[in-house]
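Heads up: the structure comes next, in structure tokens.
Order of the sequence lines fixes the chain letters, A, B, ..., with proteins taken first and strands second; residue numbering starts at 1 for each chain.
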Amino acid sequence: MKYLGIEPKRPKVGVFDFTGCEGCELQLANKEETVPAFLQAIEVVDFREISSTSSDDYEVALIEGAITRDDEIRRLKEIRKHAKLLVALGSCACFGGVNRLKNGYDLDAVNQEVYGTEPKETLPTQAVKEVVSVDLEIPGCPVDKAEVERIVQHLIWDVPYQFPAYPVCFECKQRYTTCVFELGQLCLGPIARGGCHAPCPAGGSGCWGCRGPAADPNLEEFLQIAKDRGFKKREIKERLSFYGGFEDMP
Amino acid sequence: MTSLFRPYYIIQESEMAQPLDYNRRSRLKHVDQVFRSEIINIIPLTDMEKLFQLRILDGAERERFSFLPGQFVMVEVPGYGEIPISISSSPSHKGYIELCIRRAGVVTGILHKTRRGAVVGLRGPFGTHFPIERMRGNHILLIAGGLGLAPLRAPILNVIENRTDFHDVHILYGTRQPDMLLFNYQYEEWNRISDINLKVIVEQGDESWTGPVGLITDLLKKIRLEPLETYAIICGPPVMFKFVCAHLQREGIPMDRMFVSLERRMHCGMGKCCRCNIGSTYTCLSGPVFDYWTVMNLKEAI
Amino acid sequence: MKVDLNIDLHHLTRVEGHGNIHVQVKDGKIKQARWDVVETPRYFEVMLKGKHYTSAGILTARICGICSIGHCLASLRATEQAFGINITNKAAQLRLLAKHGETLQSHILHLFFLAAPDFLKVPSAIPLLDSHPDIVAAGLRLKALGNRICEVVGGRATHPVSLLVGGVARMPEGLDDLQYDLESAQDDLAAAAELFGTFDIPEFQRETEFVSLKGEEEYPWIGGRLVSSDGVDKAEHEYTVMTNEEVVENNTSKWCKLSRESFAVGALARFNNNHHLLHPQALEVATGLGLKPVCHNPFMNNVAQLVECVHVVHDAMRLVDALQGSDSEPTLVPVTPKAGEGISAVEVPRGILYHHYRYDEKGYITKANCVIPTTQNNANIHHTLRDLVAANAREGMTSEQLELLCSMLVRAYDPCVSCSVH
Amino acid sequence: MLFKVLGKKEFTTFIELLLNDTEVIAPKQVGVDTSGKPLHQYLPVQAFTEIDLSYETTEYSAKTYFLPFRENLSTCSFLDMVWDRQIKYRVQPRAIIGLHACDINALLKLDKVLAGDRFPSPYYISRRKNTFIVGIDHDPCEGGFCQAVGADVVTHGFDLYLTDLEDRYFVAINSERGFNVLQRVKTREPTARDNNDYLDVRRRIAGQFKPLEVHNLPNLMDIEFESKVWKKWADKCLSCGSCAMVCPTCYCYGIEERVSMDNAESAKVKQLYSCQFLDFAMVAGGHNFRPDRETRLKYRYYHQHRGFVEAYEEPLCVGCYRCGRVCLAGINPTDIIGDLQTEYQE
Ligand SMILES: Cc1cc2nc3c(=O)[nH]c(=O)nc-3n(C[C@H](O)[C@H](O)[C@H](O)COP(=O)(O)OP(=O)(O)OC[C@H]3O[C@@H](n4cnc5c(N)ncnc54)[C@H](O)[C@@H]3O)c2cc1C
Ligand code: SF4
Ligand code: SF4
Ligand code: SF4
């Protein structure tokens, strides 16, 4: 619909999946009450998981999943050529996601363990930005559909979108959640990027940092706090490396 | 049993009956109402700035709306956000106001896409103003850098309209490049008015630029001042007004005769959201216009 | 008879994950008829190694974005088996409720948005927004209901956050609203049944072995004995006897077999083995749509899914009722890790899922194995495909028609390919 | 002020009266912390037994019932060039039982900013006027320094205020509304003994506070503007905003406007914010007036103990110590103020 005389353009969107659980793609079909409006605001020209139409004529490419094989690298580069705007959708695409955990092992041994004598082709996990240039990253495991909707709106309006600068803690407080540290559990809330509305601490698991670090996180103090509260190095490390989002941090 | 508490309906209370008047600091509680205003004209100034002429739709509200040079309004594009913008037109001009807006983010970005006829919301005017009354009978320096001409245009027009009230009037304006000059179609007019000294300078000229090249302080050096009978208004980025004010101070102009307009993040304009605090002074209530002495005394102001 | 047909379908659409169909019929002879899974392998079993028990459920949920709750529950149960933990009855009810939400969400997604377009002859559900808005709206409402259940109990629709080792983090809020929504879903379910009644489901029979959990008193979802329609009956921890995984060429997914060259799991298998435990209303829908045990038409898996939707909605109502009236029994019991091995079997939307972990005494995983339903189905899909081609490679059949039929067959299994290559 | 004495049994009746009539918010135990200490929160209650008036403190203040974390300010419906705005203020009456003096004082300070001043906030006033407040006296909470900032006693801003005299409550009545509601139950006039007991309790409470020097803070803040103390504490700050969320007086906010996916309507939502966030003072184009933790942390104290004093002759902080308790990094007002004083003395 037109508003203030601005004719909204309807961007042609392609959705492409690489190594991941397809949970982020699934989110595009979630938040059902606005799905029809969402699908009217954009023109889906390629979305293998829900549609048999396929096309190279897209402006926006949403990339889900990490890159773990040669054919994926080739396919991604091809998509990059067509897309005006390439968006990494979800933590796998943004950081490698949980797939990155395999990078800690020798890949031959990994293959041996799972496939025995018939190893399958695989590369160390890479985030999308490690293979092609990325215009926008939407983190989250899975992504938050409400946030995706807002970002798409900003794309349509052609105005910048700013991710929240605050950490998850803030949203936890706004939900009246009792701090999970108070309950004796580890939580990355103080250093993880907010915007997810803190479902995990509220649900009882503590934050695992799926959205990567908040703007200017105080990692040093966080490590001190975790240590003071008796959490072991191994546990903290496991948590920080879980989604690959804290990979670049010292 | 009748219920224990009678609900209190704020809109029915007597205070609410008063008309909307932000300037008189009324006790009115309906402060979240906006004036629905129509964009009557859009005038592109540069690649980044456009001048918007806005008319309040409701006739009675329009009649009542008045402001002083230096004050700002909160402009709301429903759904996108609300931003502070200085009024760029003359206070004596009734009927519509002019806002010069640079494309910078969400709201300004959307405003730049709207078309004539679109309706936006206005609240205000808010904030302090330049003390034009006090300046009468003095020499006037009006100095702007870059987008600073937007807030300065109101006092410029005000001074021009009341030219006889003032002694010498100097308007100095500088930008980085010639294509960034705002309101260049008006210089001719301002310059033709005898007795107004308008000088424009750019930091980097181009092929077509014939005027002076350099910093705004270069223009200042050429002006002979009578410091104790001069008032100065300086609008522009902090680095610029810091240099200019320091220069003028050395020339002997008292710090409380120089006025600047500060910019801070704002969400309400009413001293509630705290986002514009400098130290702990609300820019929206005690500013945006401050004299230089106050600015010097505000910790973290520049 | 001269029948030449060629299908070279890369990355079949409207299924989860990447798989290819290759068919070549020359002079009426099948040269090849293949279902190849080419999804990139992810090596979850390796990633699990060295992880703390608190991470296992969260990590394995990421095996699949559609059945994340199923994976999480299988993982928790395996860990609890290893530590010798018994969760409370209330926690079990909550978990089952979350599972029902997922089953509903997943089945509806498949039925309305992945499968229905074939029957309505459109490439996706998107054009249906304009042509059949009522159908789309009903589908979205049912899917939303499934997701809401997951959200209320699991804390989030995809990748649950409240399901922990030892039970469920907290008693959910909003059960009243849920009950109301469940009751109001009846009309949409009836509409769905009516819609599927109008669909032309291909007639095709193939004698198949069906594997599922064995229901004792209730339609089975979490844990219990394992059965096959060919008469195998094993305990949960003997799962390897049921799966017999092997690595095959051309496939990043493994293949499984039991009494025959392949077997099937999923809604149809559960129905065939446990139909007598379905809610009467669900059975009525089954009868109405011509689904009778033991059904050997793989396309009828769609109908079995719909029947299960009816069943889980009714069962969810029962669970919500029970939970609302329940006492102050905790939802979470304390957990002390210990060295040991745990195996669990859970019926997820696409069939039976096994998780198997070995723990050290500090609660870190030393070995893990997961057997995914689609992994178990892949061989069967492959073999059925060949039979389907054989039955249809006759005069008048075009490559396009056959491609659609083959695609519909694969989709009928609702394969979760990335899962199968976890 | 009028005083009455209310028996404990009548008090139960009184609360039940409220419960039957309106939404009641009261301190409620929500769990225990790692050391087994009970945790309380102001939450809606359905029965008298859920209320625990002997609570020491709550993690969150009652601020959220006046300044919700998120509040819809208005909605707009669009039609191409024009739009129509709807504003709704909350008017449902509500009662909050068991607020301590500091929390009522906090409301009085918020009143100054949000209900008085040049632009009163209708959203706030509407909630404030529709909330029936019953306060209660209590022994100092751990860490609290309300006496130092003059917030340990409260003389107005409530409807009723209770002092527990073991078998009965001594009730101060501060509003006509309070008076009327109290008339629904049996009360009696205080006797000399009641008065004595009441004053004893007050004296006992007042005698238990630890001193903290704050009177010189407005000046000290300016003198110690460049102090190393700020950096020392700011290095620990996580910029998570928890302090501002639990504080009964922090009122800063941000505005978020959203358009519905079908472009038919929009909502203007106010979200309480924190001055500790990186983008608190960031403007378009990326300039940030307080880019580092040090200036942000300092600003919070500056606002509370200097700016507010300048404007209203009293600090904004009521000494409830909630910010100190919630901070994972252990940043707290007593230590910071203490450090500043020490440094000043050196
Ligand atoms: C008193 C005053 C007068 C101003 N006058 C003018 C003018 O005449 N012409 C002009 O082009 N600009 C003026 N500005 C700057 C203008 O307000 C910002 O450019 C504008 O807010 C950017 O909004 P946005 O939504 O496009 O940017 P975004 O980056 O999307 O900003 C998001 C929000 O941050 C806040 N914000 C961001 N930058 C500023 C800022 N610089 N000042 C205040 N709030 C900000 C606003 O609330 C805005 O909605 C003035 C600012 C102030 C304080
Ligand atoms: S980011 Fe998470 S939800 Fe998204 S594809 Fe990866 S594992 Fe799945
Ligand atoms: S709370 Fe943490 S793990 Fe959970 S969604 Fe938010 S950022 Fe991700
Ligand atoms: S600053 Fe801290 S101690 Fe002071 S009122 Fe706020 S939360 Fe309480």
Side-chain angles (χ1 to χ4, degrees), chain B residues 1 3-11 13 15-16 22 25-34 36 38 57 76-83 102 104-108 114-115 117-119 121 126 263-265 267-282 285 299-300, chain D residues 17-18 21-22 73-74 76 78 81-83 85 87 89 91-93 95 113-114 117-123 125-126 129-130 132 177 180-181 184 222 225 251-259 265-268 273 275 280-285 289-290 295 299 302-303 306-308 310-311:
Chain B
M1 196 177 78
S3 92
L4 294 175
F5 306 111
R6 188 171 53 90
Y8 172 95
Y9 291 98
I10 192 157
I11 23 183
E13 297 304 313
E15 303 106 289
M16 302 307 296
Y22 289 88
R25 312 287 190 217
S26 64
R27 292 271 312 146
L28 182 104
K29 289 177 188 155
H30 224 144
V31 285
D32 218 66
Q33 285 296 9
V34 290
R36 281 151 34 99
E38 188 183 11
L57 286 176
E76 184 181 6
V77 189
Y80 300 91
E82 199 174 17
I83 56 169
R102 169 178 290 180
V106 177
V107 184
T108 50
T114 54
R115 283 194 296 122
V119 174
F126 293 115
E263 201 177 293
R264 283 295 184 280
R265 187 171 179 131
H267 285 290
C268 68
M270 304 188 290
K272 304 279 178 277
C273 76
C274 294
R275 304 298 283 268
C276 70
N277 273 202
I278 301 173
S280 46
T281 302
Y282 286 100
L285 296 178
K299 301 223 185 265
E300 57 167 46
Chain D
L17 204 66
L18 290 177
D21 188 75
T22 186
L73 297 184
S74 63
C76 269
F78 299 154
M81 296 294 220
V82 292
W83 39 267
R85 175 181 297 258
I87 301 182
Y89 305 115
V91 288
Q92 298 92 296
V113 183
L114 300 165
D117 224 339
R118 299 185 222 173
F119 301 106
S121 158
Y123 303 95
I125 297 175
S126 190
K129 293 233 178 188
N130 282 303
F132 182 78
R177 184 168 57 171
N180 282 340
V181 178
R184 305 269 183 120
D222 272 352
F225 196 76
Y251 56 90
C252 329
Y253 65 85
I255 296 278
E256 250 177 32
E257 299 210 23
R258 290 191 177 186
V259 182
E265 56 189 19
S266 76
K268 183 175 180 184
Y273 219 66
C275 53
F280 184 80
M282 185 125 92
V283 293
F289 289 95
R290 288 190 213 105
T295 47
Y299 166 74
Y302 216 71
H303 184 192
R306 184 186 177 284
F308 204 80
E310 214 170 45

Quick check for you: to the nearest 0.5 Å, what is the distance between [X] atom [atom1] and [Y] atom [atom2]?
X	Y	atom1	atom2	value
B/R36	D/W83	CZ	CH2	5.5 Å
D/L18	B/F5	CG	CZ	5.0 Å
B/I278	D/Y302	CD1	OH	12.0 Å
D/R290	B/R265	CZ	CZ	12.0 Å

Work out which heavy atom in D/R85 is nearest to a heavy atom in B/V34; give both atom names and the distance.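 Looking at all heavy atoms of both residues, the closest pair is NE-CG2, 3.7 Å.
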
Atom of B/E76, atom of D/K268 and distance for their closest heavy-atom approach: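 Heavy atoms of B/E76 and D/K268 come nearest at OE2-CD, 3.4 Å.
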
Most heavy-atom pairs under 4.5 angstrom with chain D, which of B/G269, B/C276, B/G105, B/G117?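 Option with the top pair count is B/G117.
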
With respect to chain D, which residue among B/C274, B/A118, B/P78, B/G81 yields the maximal number of heavy-atom pairs within a distance under 4.5 Å?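 Looking at each option in turn, the highest pair count goes to B/P78.
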
Part of D/N180 within contact of chain B (heavy atom distance under 4.5 Å):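 It is neither, since no heavy atom gets under 4.5 Å.
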
Tell me every residue that passes side-chain contact (heavy atoms from CB on, under 4.5 Å) with D/A284, counting only those two or more places apart in sequence or in another chain.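 Residues passing side-chain contact (heavy atoms from CB on, under 4.5 Å) with D/A284: B/A104.
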
Could you tell me which residues satisfy side-chain contact (heavy atoms from CB on, under 4.5 Å) with B/V106, sequence neighbours excluded, listed by chain and number?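 By the side-chain contact (heavy atoms from CB on, under 4.5 Å) rule, B/V106 matches A/H154, A/V159, B/Y80.
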
For the residue pair [X] and [Y], establish whether any side-chain heavy-atom pair is separated by less than 4.5 Å.
X	Y	value
D/T22	B/L4	no
B/R275	D/I255	no
B/N277	D/F289	no

Counting heavy-atom pairs under 4.5 Å to chain B, which of D/R306, D/Q92, D/M282, D/R177 comes out on top?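 Among the listed options, the one with the most contacts to chain B is D/M282.
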
Ring-plane angle category for D/F119 and B/F126, please: parallel below 30°, perpendicular beyond 60°, tilted otherwise.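 Aromatic pair D/F119/B/F126 classed perpendicular.
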
Can you list the steps and then say if D/Y253 with B/C268 is a side-chain contact (heavy atoms from CB on, under 4.5 Å)? CA-CA 9 Å; D/Y253 65 85; B/C268 68; 3.2 Å; yes

Has the side chain of D/N130 got a donor or acceptor atom that lies under 3.5 Å from a matching backbone atom of B/P7?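 Not confirmed, D/N130 side chain does not pair with B/P7 backbone.
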
